[in-house]
Student: 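Below you'll find the structure I mean.
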Amino acid sequence: MVKLLIVEDNDFERNALQNYMDWDIMGIRHVETAFNGLDGLEKAKTFMPDIIISDVMMPGMGGIEMAKNISRFNPQVKFIFSSGHEDVSLLREAIEVRAYSYLIKPLKQVELISIIKKTTSILVDEKLSSLENNKIIEQFKNNLHYLQTKFLEELIVTGKSDNVTKSMFVQANDLQLSMIGMYKLALIEFDFGAGTDIFHNSDLFNVALYKLESICNQRNVIFIKKSGKGIIVLLHTLNKGNEEGARSLHDIESEIKVLSMENNYNYIIGVSDLFANLDELNIAYKQISFAVSKKMKLGYGQIVYYSECSDSLPAAFETEQKDLKSEITQLIDRVCEGENCDGHLSTLVHSIVLDPSNKMDHIQSFFIVLFSQLSTRLSGMGESFEKMAEEDIVIYKNIINAQTIPDMIQYTGKLLASVSSYMDRKKLNKDDYTINEILQILNHEYREPITLTYLSDRVYLSPNYLRILFKEKMKISIQEYLTNLRICKAKELLKETRYKVHEIGKLVGYENSTYFNIVFKNYMKMTPGEYRNKSI
């Protein structure tokens, strides 16, 4: 049903448009009127018209201004303006608000009918198009789970996706799959026994699948799929360590254990390492396949973690990542000891980018692993990564959004330096260490424009806390200490050199010679020149 709003300040013209046109025959079933732009704006908020016929020049608020306001909350509405003036500027403004037509008064009935018919025809086409688009979106939503499952299954089993023209990250984003965090695979393999009924086994298999889907619903599980003799589960987490994934694995094992005891069959669960990149899911799949193969040695009825296997995968898919993992561990060791880690970070980055086949998303995954493991290590030491740096989710997003390796290195270096500085302060007396750092900065950089914010950034403390701490320890404010230091240096230069007064001011941190003279006189009760003459 097409709705029409007539906005006209002339009572006769407004009534004539409303009552003497056969709107019904043109597909317009509901007609409202307004006596000026302000009234039209209020009516449009509740009436939500499809078409608005409006005079341009009206008291209070004109038609153009009204149209701009209405378009903000009803962008699909079609405006037809009418005016008694062929004003080019008004026509230009009407074009700017995308008016469908601009008619000159007095309105001709034939012309108006023609415009209304075209407008209603366009509205019908737009609504049909919108319905078609909504139908397509609905179909996509209905098929989304299948598409997600198909995409992930290809990555897990083959390491590749069907669509080779798009990157995995783009495809995952299109399928509304989360790209930030860590992934872990689990494989539950069943042994129903030799000579058992195939249909009965299928029923037991489906019951297990149903139970797993039930307990994993609304949790950090994004994929459950039958595969050969088993079920593959893909776990996803953003949390520190792997507590959430551990809980899911515990619940999965508990449910499978109960089912196996009730139905007298065997099971084994293989669990992969954590991975931060989708294209590594195939490595995770090989790990879980290898883990469940240990049933001959370890027996059924347990979880086998790949990381705890006494032997390892064949060298074919154990890559250079072992060395990289070792370098990550060494880097984390230095950070947690409060030592400078710039050199180790450079070594790690060099090792990562040494392989020209490494793409940006693959490189990003190593940094995600680094921060995930660092967060876990600090948590084990009773420390909070968030307290020292940033929340995990912020870190992961910044890494994913990094466009260049230098950007990523700079961001990573800043966070690692923050953690390292914090841990170093814990080894010493934290407050004394901070004060010592501040004094070193002031004593060596007094010539530079030093601010409280600059100092707080250098020692990773808030400006307010630093100000209070310094005053408490030194019995003097930072600004007073810096001023005393600069005046002492200025006195030495006035006595021992022939630099001009304004040159000495710059040498001790005062670019403005007038301000230098004022500060010096406040402290010494004489000007720099008088002090020099007195010292000769």
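A quick note: this is a predicted structure, and the numbers were derived from the prediction, not measured.
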Student: Just how far is it from atom NE2 of His502 to atom CG of Leu507, taken to the nearest 0.5 Å?
Tutor: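 Here the interatomic distance stands at 9.5 Å.
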
Student: State whether the side chain of Arg486 and the backbone N or O of Tyr446 hold a donor-acceptor pair below 3.5 Å, judged by distance alone.
Tutor: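 At least one qualifying donor-acceptor pair exists.
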
Student: To the nearest 0.5 Å, tell me how far Ile52 CD1 sits from Met66 CE.
Tutor: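 One gets 5.0 Å once the value is rounded to the nearest 0.5 Å.
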
Student: Look at atom CD of Glu503 and say whether more than 12 heavy atoms of other residues, nucleotides or ligands are closer to it than 6.0 Å.
Tutor: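 Atom CD in Glu503 is crowded, with more than 12 foreign heavy atoms closer than 6.0 Å.
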
Student: Using only atom types and a distance under 3.5 Å, with no angle test, would you say the side chain of Asn443 pairs donor to acceptor with the backbone of Leu439?
Tutor: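 The answer is yes, because a donor-acceptor pair under 3.5 Å joins these two groups.
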
Student: Would you check if Tyr285 and Leu187 make a side-chain contact, meaning some heavy-atom pair closer than 4.5 Å?
Tutor: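 Not touching, per the 4.5 Å side-chain cut-off.
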
Student: So, does Glu530 use its side chain to make a donor-acceptor pair with the main chain of Thr527 at under 3.5 Å?
Tutor: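 Looks like yes, one N/O pair under 3.5 Å.
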
Student: Tell me whether Asn69 contacts the main-chain N or O of Leu41 through its side chain, where contact means a donor paired with an acceptor under 3.5 Å.
Tutor: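 Pair absent, no side-chain N/O of Asn69 close to backbone of Leu41.
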
Student: Test your reading of the model: is there a side-chain donor-acceptor pair from Ser421 to the backbone of Ser418, 3.5 Å cut-off?
Tutor: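 No: the side chain of Ser421 does not pair with the backbone of Ser418.
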
Student: Does the side chain of Val508 come within less than 4.5 Å of Cys488's, by heavy atoms?
Tutor: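 Cys488 vs Val508: side chains apart.
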
Student: Please tell me if the side chains of Thr329 and Arg377 come closer than 4.5 Å, counting only heavy atoms from C-beta onward.
Tutor: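 Yes. Closest side-chain heavy atoms under 4.5 Å.
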
Student: Please examine the side chains of Phe470 and Ile476, heavy atoms only from C-beta on, and report whether any two atoms are closer than 4.5 Å.
Tutor: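 They are in side-chain contact.
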
Student: Around Tyr499, counting heavy atoms of other residues, nucleotides and ligands shown, do more than 12 lie under 6.0 Å from its OH?
Tutor: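 Atom OH in Tyr499 is not packed in, count stays at 12 or less.
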
Student: For the side chain of Ser71 and the backbone of Ala67, is there at least one donor-acceptor N/O pair under 3.5 Å apart?
Tutor: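 Such a contact is found between Ser71 side chain and Ala67 backbone.
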
Student: Sequence neighbours excluded, which residues qualify as salt bridge (charged side-chain N to carboxylate O under 4.0 Å, His left out) partners of Lys45?
Tutor: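 So Lys45 forms a salt bridge (charged side-chain N to carboxylate O under 4.0 Å, His left out) with Glu42.
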
Student: Given Lys68 and Glu65, is the side-chain contact (heavy atoms from CB on, under 4.5 Å) satisfied, shown in steps?
Tutor: CA-CA 5 Å; Lys68 290 178 180 177; Glu65 186 179 354; 5.6 Å; no

Student: Do the side chains of Ile478 and Leu452 get nearer than 4.5 Å, heavy atoms only?
Tutor: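 Answer yes - side chains close enough.
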
Student: Relative to each other, are the rings of Phe81 and Tyr102 parallel, tilted or perpendicular (30° and 60° limits)?
Tutor: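 Ring orientation, 0 to 90° scale: tilted.
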
Student: Mind checking the CD1-CG spacing from Ile504 to Leu493? Nearest 0.5 Å is all I need.
Tutor: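 Atom-to-atom, Ile504:CD1 and Leu493:CG are 5.5 Å apart.
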
Student: If a pair satisfies side-chain hydrogen bond (donor to acceptor under 3.5 Å, both in side chains) and one of its residues is in residues 505-520, list it, with sequence neighbours excluded.
Tutor: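 Not a single pair qualifies under side-chain hydrogen bond (donor to acceptor under 3.5 Å, both in side chains).
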
Student: Does atom CE (Met57) have a neighbourhood of more than 12 heavy atoms from anything else shown, all under 6.0 Å?
Tutor: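 Open: at most 12 neighbouring heavy atoms sit under 6.0 Å from CE of Met57.
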
Student: How close do Ile441 and Ile450 get, counting heavy atoms only, and between which atoms?
Tutor: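 The answer is O-CD1, 4.4 Å.
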
Student: Can you confirm whether the side chains of Glu437 and Tyr460 place a donor and an acceptor under 3.5 Å from each other?
Tutor: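 On atom types as modelled, these side chains do not qualify, holding no pair under 3.5 Å.
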
Student: Hey, does the side chain of Ser456 reach the backbone of Thr453 with a donor-acceptor pair shorter than 3.5 angstrom?
Tutor: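 Pair found, side chain donor or acceptor close to backbone of Thr453.
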
Student: Please report the closest heavy-atom contact between Pro528 and Val501, naming both atoms and the distance.
Tutor: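 Minimum heavy-atom separation between Pro528 and Val501: CB-CG1, 3.8 Å.
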
Student: Might you point out which heavy atoms bring Ile332 and Leu374 nearest each other, and give the distance in Å?
Tutor: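 In this case the closest contact between Ile332 and Leu374 is CD1-N, 3.7 Å.
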
Student: Distance-only, no hydrogens or angles: does the Ser54 side chain make a donor-acceptor pair with backbone N or O of Gly63 under 3.5 Å?
Tutor: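 No; zero donor-acceptor contacts below 3.5 Å.
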
Student: Kindly state whether the ring of Tyr100 and the ring of Phe79 have centres lying under 6.0 angstrom apart.
Tutor: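 Tyr100 vs Phe79: aromatic centres not under 6.0 Å.
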
Student: Could you state the interatomic distance from CG (Asp39) to CG (Asp9), rounded to the nearest 0.5 Å?
Tutor: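 Separation between the atoms: 11.5 Å.
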
Student: Between Ala44 and Ile70, which heavy-atom pair has the shortest distance, and what is it?
Tutor: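 Nearest pair, atom of Ala44 first, then Ile70: CB-CD1, 3.6 Å.
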
Student: Please report the closest heavy-atom contact between Tyr531 and Lys491, naming both atoms and the distance.
Tutor: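 Scanning both residues, the minimum pair turns out to be OH-CE, 3.4 Å.
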
Student: Taking all atoms of both residues into account, what is the closest heavy-atom pair of Met423 and Cys336, and its distance?
Tutor: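 Shortest heavy-atom contact: CE-O, 3.5 Å.
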
Student: Walk me through it: do Ile64 and Val56 pass the test side-chain contact (heavy atoms from CB on, under 4.5 Å)?
Tutor: CA-CA 6 Å; Ile64 302 294; Val56 175; 4.1 Å; yes

Student: How long is the gap from CD on Glu445 to CG on Leu485, to the nearest 0.5 Å?
Tutor: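 So the CD of Glu445 and the CG of Leu485 are separated by 11.5 Å.
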
Student: Just so I know, are the side chains of Phe367 and Ile328 near enough to count as touching, which here means a heavy-atom distance under 4.5 Å?
Tutor: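 Of all side-chain heavy-atom pairs linking Ile328 with Phe367, none is under 4.5 Å.
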
Student: Looking only at atom types and distance, does a side-chain atom of Arg532 sit under 3.5 Å from a main-chain N or O of Leu494, one as donor and one as acceptor?
Tutor: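 Flag set: sc Arg532 to bb Leu494 pair under 3.5 Å.
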
Student: Given Lys43 and Leu5, is the side-chain contact (heavy atoms from CB on, under 4.5 Å) satisfied, shown in steps?
Tutor: CA-CA 8 Å; Lys43 292 277 179 64; Leu5 175 63; 4.2 Å; yes

Student: For Glu480 and Ser477, which I'm curious about, is there any donor-acceptor pair between the side chains at under 3.5 Å?
Tutor: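 Indeed, the side chains of Glu480 and Ser477 share at least one donor-acceptor pair under 3.5 Å.
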
Student: Under a 4.5 Å cut-off applied to non-hydrogen side-chain atoms, are Ile303 and Tyr305 in contact?
Tutor: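 The answer is yes; the side chains approach within 4.5 Å.
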
Student: Check for a donor-acceptor pair, side chain of Gln287 on one end and backbone N or O of Val271 on the other, with a separation under 3.5 Å.
Tutor: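 The answer is no, because no donor-acceptor pair under 3.5 Å joins these two groups.
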
Student: Output the distance between atom CD1 (Ile438) and atom CD (Gln440), rounded to the nearest 0.5 Å.
Tutor: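 Here the interatomic distance stands at 10.0 Å.
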
Student: Is there side-chain contact between Val419 and Leu415, with heavy atoms separated by less than 4.5 Å?
Tutor: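 Val419 does not reach Leu415 side chain to side chain.
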
Student: Do Met58 and Val7 pass the side-chain contact (heavy atoms from CB on, under 4.5 Å) test, and can you show the C-alpha distance, the side-chain angles, and the key distance before you say yes or no?
Tutor: CA-CA 9 Å; Met58 292 180 290; Val7 186; 3.6 Å; yes

